[in-house]
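Below is the structure I would like to discuss, written out as structure tokens.
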Amino acid sequence: MNADVAVENTSAIALWNDPTAPVSARVDALIDAMTLEEKTAQLFGVWVGASDEGGEVAPHQHEMEEPVDLDALLPTGLGQLTRPFGTVPVDPALGALSLARTQARIAATNRFGIPALAHDECLAGFAAWGATAYPVPLSWGATFDPALVREMAEAIGRDMRSVGVHQGLAPVLDVVRDARWGRVEETIGEDPYLVGTIGTAYVQGLESAGIVATLKHFAGYSASRAGRNLAPTSMGPRERADVLLPPFEMAIREGGARSVMNAYTDTDGIPSAADEALLTGLLRDTWDFDGTVVADYFAIAFLKTLHGVAADWADAAGTALRAGIDVELPNVKTYGAPLTEAVADCRVPEALVDRAVRRVLTQKVALGLLDPDWNPLPAALDAADDDDPSALRGHIDLDGPANRALARTLAEQAIVLLSNDGTLPLDRPRRIALIGPNADEPTAVLGCYSFPQHIGVRHPDTPLGIELPTLRETLAAEFPDAEITYARGTGVDDGDLSGLAEATRLAREADVTLVVLGDRAGLFGRGTSGEGCDVATLALPGAQQQLLDALLDVETPVVTVLLAGRPYALGRGVGESAAIVQSFFPGEEGTRAIAGVLAGRVNPSGRLPVSVPRGPGSQPGTYLGAPLAHASEVSSIDPTPAFAFGHGLSYTRFEWTDLAVEAQEAPTDGEFALSLTVCNTGERSGTEVVQLYLHDPVASVVQPVQRLVGYSRLALEPKQARRLRITIPGDLASFTGRDGRRVVEPGELELRLSASSADPRLTARVTLTGAERHVDHTRRLHATILQEPTT
């Protein structure tokens with residue numbers, strides 16, 4: 001169909017189009033044939049929006065950039081198309097046709113027939129109209145289930161490929177250091193091992209579907225001062241090396257990520273976009289990363305406008321290129337004419353341009369974009385036999401039953417039961433009072449990078465594109481015999497107290513009160529959670545705490561349900577709620593999952609990926625703190641959380657017994673082996689999460705009191721037991737020593753088998769012997785945990 005998207009092929013194949021030739025030879029031949037302008041054209045993107053009529057994409061006018069003239073740009077080529085689906089609502093099939101027609105034009109207009117690489121957001125699902133909205137990354141962390149996250153990412157990748165997208169801007173591998181930061185919802189948690197393992201699984205899934213995964217934000221974005229977005233970062237090299245870098249290291253080494261995005265922040269005066277030691281010295285020379293480094297949006301221009309380390313656009317371009325940024329996104333600002341002129345004037349070596357364009361073209365060749373049989377039309381449209389674009393509407397479904405089932409499984413596994421006095425699961429209540437600003441709000445389950453919250457809010461007349469049942473609706477389906485009365489009580493952040501009287505009246509008349517609190521995701525102050533929505537304290541937004549306190553004053557049991565993007569202090573709610581159910585923006589199937597937990601159809605198995613604070617002002621602080629970061633008698637501030645990292649309850653009980661340690665000692669290049677038995681002693685099936693923490697009592701530099709080094713989900717039927725056999729290499733005890741090198745030191749260690757960072761169940765005391773040993777990025781990163789049935 002659509003002959004106008006065909007790309008002409010000649011019988012004589014140039015070397016760069018020959019799929020039988022080595023990739024390096026194809027790329028070298030192409031670079032040798034290109035002019036400087038043609039090379040720099042491969043180093044920038046243009047922000048576009050696909051056409052809902054199936055026509056070519058239209059340049060997107062962003063308030064930070066001047067209009068782009070595609071007709072003027074395309075004869076020399078184009079590196080990337082920015083967010084064709086994530087800019088305006090567009091039917092997926094018509095968007096795919098629009099992108100294909102544009103790609104055909106791009107390839108036909110430049111001398112070498114090189115199409116653009118199309119990228120889009122995929123932080124919690126493909127950020128396209130009508131695509132599945134999965135739980136946010138903080139919920140991925142709560143599952144402690146890398147295999148499930150990998151499956152989700154592969155499904156996301158397949159959907160992106162089906163419409164012609166090549167690169168996804170995910171995952172976020174920033175480790176939470178301060179929960180006041182608005183982008184906490186985009187992170188996986190506060191522990192680098194959890195972030196690394198879950199993030200690597202996501203990368204593996206996306207890459208297995210043929211999508212280039214982009215790790216962000218490299219490095220230190222989440223460690224900004226006071227949790228403010230795009231603020232300076234205060235951290236020493238040891239914190240950077242031992243906390244913030246390991247997830248990136250793991251995702252590159254084990255995940256095969258093919259792209260990295262720089263962080264906006266500066267560390268000790270050096271912006272990440274200008275940090276050659278980071279982007280080239282560490283990333284490439286040490287870690288052997290051979291993919292592309294893409295700029296976070298406008299980051300190169302920010303070297304001049306925000307950081308003040310570049311005098312003009314050419315200076316910004318040269319600084320970023322020298323540091324190691326290959327592609328300017330989202331639009332051309334510095335890597336176009338300013339860079340070309342700077343090279344011509346000998347201010348920037350052309351060798352730096354060649355280095356970057358070689359990486360870009362190597363990736364395009366690997367994606368098949370220069371092969372003679374390349375077709376801009378995605379396979380999903382090949383089967384269509386009608387050239388009428390309007391007939392394609394609805395032809396591609398990005399939210400099919402398999403996606404929704406996967407989204408529901410993720411949401412169910414991510415829900416964390418924080419406390420329960422026996423009220424849950426609800427036993428056929430006659431009358432339920434449903435209260436709160438998120439009880440009847442469809443979008444309360446979505447994060448800020450979901451399409452409805454990120455783009456859809458600017459198009460209020462366009463349908464959401466996906467089904468988003470409210471908790472009020474799913475509870476009615478889950479409890480068909482109960483009378484459910486509803487009151488909003490207050491808004492998420494409006495401070496309105498006028499609804500408290502009605503809310504408390506309904507609570508008095510009910511058997512149980514469900515109060516549904518939390519966040520509204522948005523961008524740059526338009527929400528209470530999300531990019532640019534930082535907070536001064538971790539008190540519940542608006543008047544939600546007053547609403548909760550008023551309901552707690554009523555004798556009716558109160559079950560507190562949270563739909564949020566970050567953990568909040570709950571005040572009296574911690575000790576006085578009958579139960580607390582924590583959910584971090586669980587996606588389009590989230591309310592069904594929550595209703596299932598409340599009814600007992602779903603046995604909760606989520607564990608906290610971030611600590612829940614006891615008070616609103618005890619930040620910054622995570623469980624991953626040195627002794628001085630914890631409670632002491634010499635400070636009036638107690639940072640002890642209300643609920644610790646890794647915490648989560650179940651509707652059944654588990655017993656941990658029979659710890660055996662094969663050897664109490666091992667050399668620094670050796671390993672320990674231990675085993676234990678976990679038994680479900682309750683009356684229903686459930687899942688336990690066994691967490692392995694390492695405590696190093698004496699080290700040459702200050703260490704966290706403990707840190708996660710392994711975990712395993714254990715699904716058990718009633719009375720069923722399994723034996724876990726765990727092998728722990730000495731490499732897991734390594735840290736950055738005084739000389740800046742990673743070291744394994746001899747000495748005593750504690751291996752704590754725990755239900756959370758605050759709940760050790762069994763402890764093995766072991767000793768590393770022999771000489772101090774230095775390790776590098778090739779060290780062993782994991783314990784081996786095998787599950788065996790007991791006899």
Side-chain angles (χ1 to χ4, degrees), residues 39-40 42-44 79 173-174 214-221 223 230 232-241 244-246 248-249 251-253 257-329 333-335 338-339 342-343 345-360 362-363 736 740-742 776-777:
K39 288 188 284 189
T40 58
Q42 293 297 315
L43 305 185
F44 56 74
L173 296 183
D174 295 298
T214 306
L215 312 180
K216 56 187 190 180
H217 305 87
F218 194 67
Y221 192 25
L230 220 167
T233 297
S234 295
M235 62 177 170
R238 192 164 288 103
E239 179 184 359
R240 184 190 231 186
L244 298 172
L245 291 178
F248 293 94
E249 187 178 7
I252 289 169
R253 177 176 158 189
R258 288 180 284 173
S259 187
V260 169
M261 176 180 279
N262 75 283
Y264 282 132
T265 49
D266 73 81
T267 301
D268 196 25
I270 307 298
S272 293
D275 194 342
E276 186 174 2
L278 177 70
L279 299 181
T280 297
L282 177 67
L283 182 63
R284 297 194 183 278
D285 297 343
T286 300
W287 289 356
D288 299 321
F289 175 70
D290 61 1
T292 57
V293 176
V294 300
D296 203 346
Y297 287 9
F298 312 110
I300 300 176
F302 285 168
L303 294 177
K304 173 183 181 294
T305 60
L306 293 184
H307 294 296
V309 297
D312 53 28
W313 302 133
D315 192 13
T319 299
L321 199 63
R322 186 173 294 104
I325 292 184
D326 303 310
V327 180
E328 179 178 22
L329 297 178
K333 182 75 172 181
T334 69
Y335 274 16
L339 176 57
V343 172
D345 294 343
C346 298
R347 287 181 288 161
V348 175
E350 188 168 355
L352 291 179
V353 173
D354 290 347
R355 182 180 71 171
V357 78
R358 176 169 283 104
R359 295 164 181 163
V360 169
T362 296
Q363 200 157 84
T736 301
R741 293 186 295 169
R742 184 170 287 275
D776 58 17
H777 64 287

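Every value quoted in this text rests on a predicted model; they were computed, and no experiment measured them.
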Is there a donor-acceptor contact under 3.5 Å from the side chain of Thr233 to the main chain of Gly220? yes

For the residue pair Glu350 and Thr40, establish whether any side-chain heavy-atom pair is separated by less than 4.5 Å. no

Arg347: which residues meet the salt bridge (charged side-chain N to carboxylate O under 4.0 Å, His left out) condition with it, sequence neighbours left out? Asp345

Partners passing ring pair (Phe, Tyr, Trp, His ring centres under 6.0 Å) against Phe44 (at least two apart in sequence or in another chain): none

Partner set under side-chain contact (heavy atoms from CB on, under 4.5 Å) for Val309, not counting sequence neighbours: Pro271, Leu303, His307

Could you name each residue pair satisfying salt bridge (Lys or Arg N to Asp or Glu O under 4.0 Å) that touches residues 266-282, not counting sequence neighbours? Arg240-Asp275

Looking at OG1 of Thr334 and CG of Leu321, how far apart are the two atoms once the value is rounded to the nearest 0.5 Å? 9.0 Å

More than 12 non-hydrogen atoms from neighbouring residues, nucleotides or ligands closer than 6.0 Å to CG on Asp290, yes or no? no

Hey, what do you get for CG (Leu43) to CG (Leu329), rounding to the nearest 0.5 Å? 11.0 Å

Listed partners of Arg253 passing salt bridge (charged side-chain N to carboxylate O under 4.0 Å, His left out), at least two apart: none

Distance col, row Thr265:OG1 vs Leu306:CG, nearest 0.5 angstrom, shows 12.0 Å

Applying side chain to side chain donor-acceptor pair (under 3.5 Å), can you list everything that pairs with Ser259, at least two apart in sequence or on another chain? Gln167, Thr292

Applying salt bridge (charged side-chain N to carboxylate O under 4.0 Å, His left out) to Arg238 and not counting sequence neighbours gives none

Roughly how far, to the nearest 0.5 Å, is the CZ atom of Phe218 from the CG atom of Leu279? 6.5 Å

Partners meeting side chain to side chain donor-acceptor pair (under 3.5 Å) with Thr362 (sequence neighbours left out): none

Any side-chain heavy atom of Thr305 sitting closer than 4.5 Å to one from Phe298? no

Salt-bridge contact Asp354-Lys39 (side-chain N to carboxylate O under 4.0 Å): yes

Which residue pairs pass the salt bridge (Lys or Arg N to Asp or Glu O under 4.0 Å) test with at least one member in residues 291-316, sequence neighbours excluded? none

May I ask you to test the His217-Tyr264 pair for a side-chain heavy-atom distance under 4.5 Å? no

Going by the rule side-chain contact (heavy atoms from CB on, under 4.5 Å), which residues pair with Ala257 if we only count those two or more places apart in sequence or in a different chain? Val203, Leu215

Please enumerate all residues that pass salt bridge (charged side-chain N to carboxylate O under 4.0 Å, His left out) together with Arg322, with sequence neighbours excluded. none

Salt-bridge present (Arg284, Asp326; N to O < 4.0 Å): yes

Residues forming a side-chain contact (heavy atoms from CB on, under 4.5 Å) with Thr286, sequence neighbours excluded: Leu282, His777

Between Val327 and Val360, is there a side-chain heavy-atom distance shorter than 4.5 Å? yes

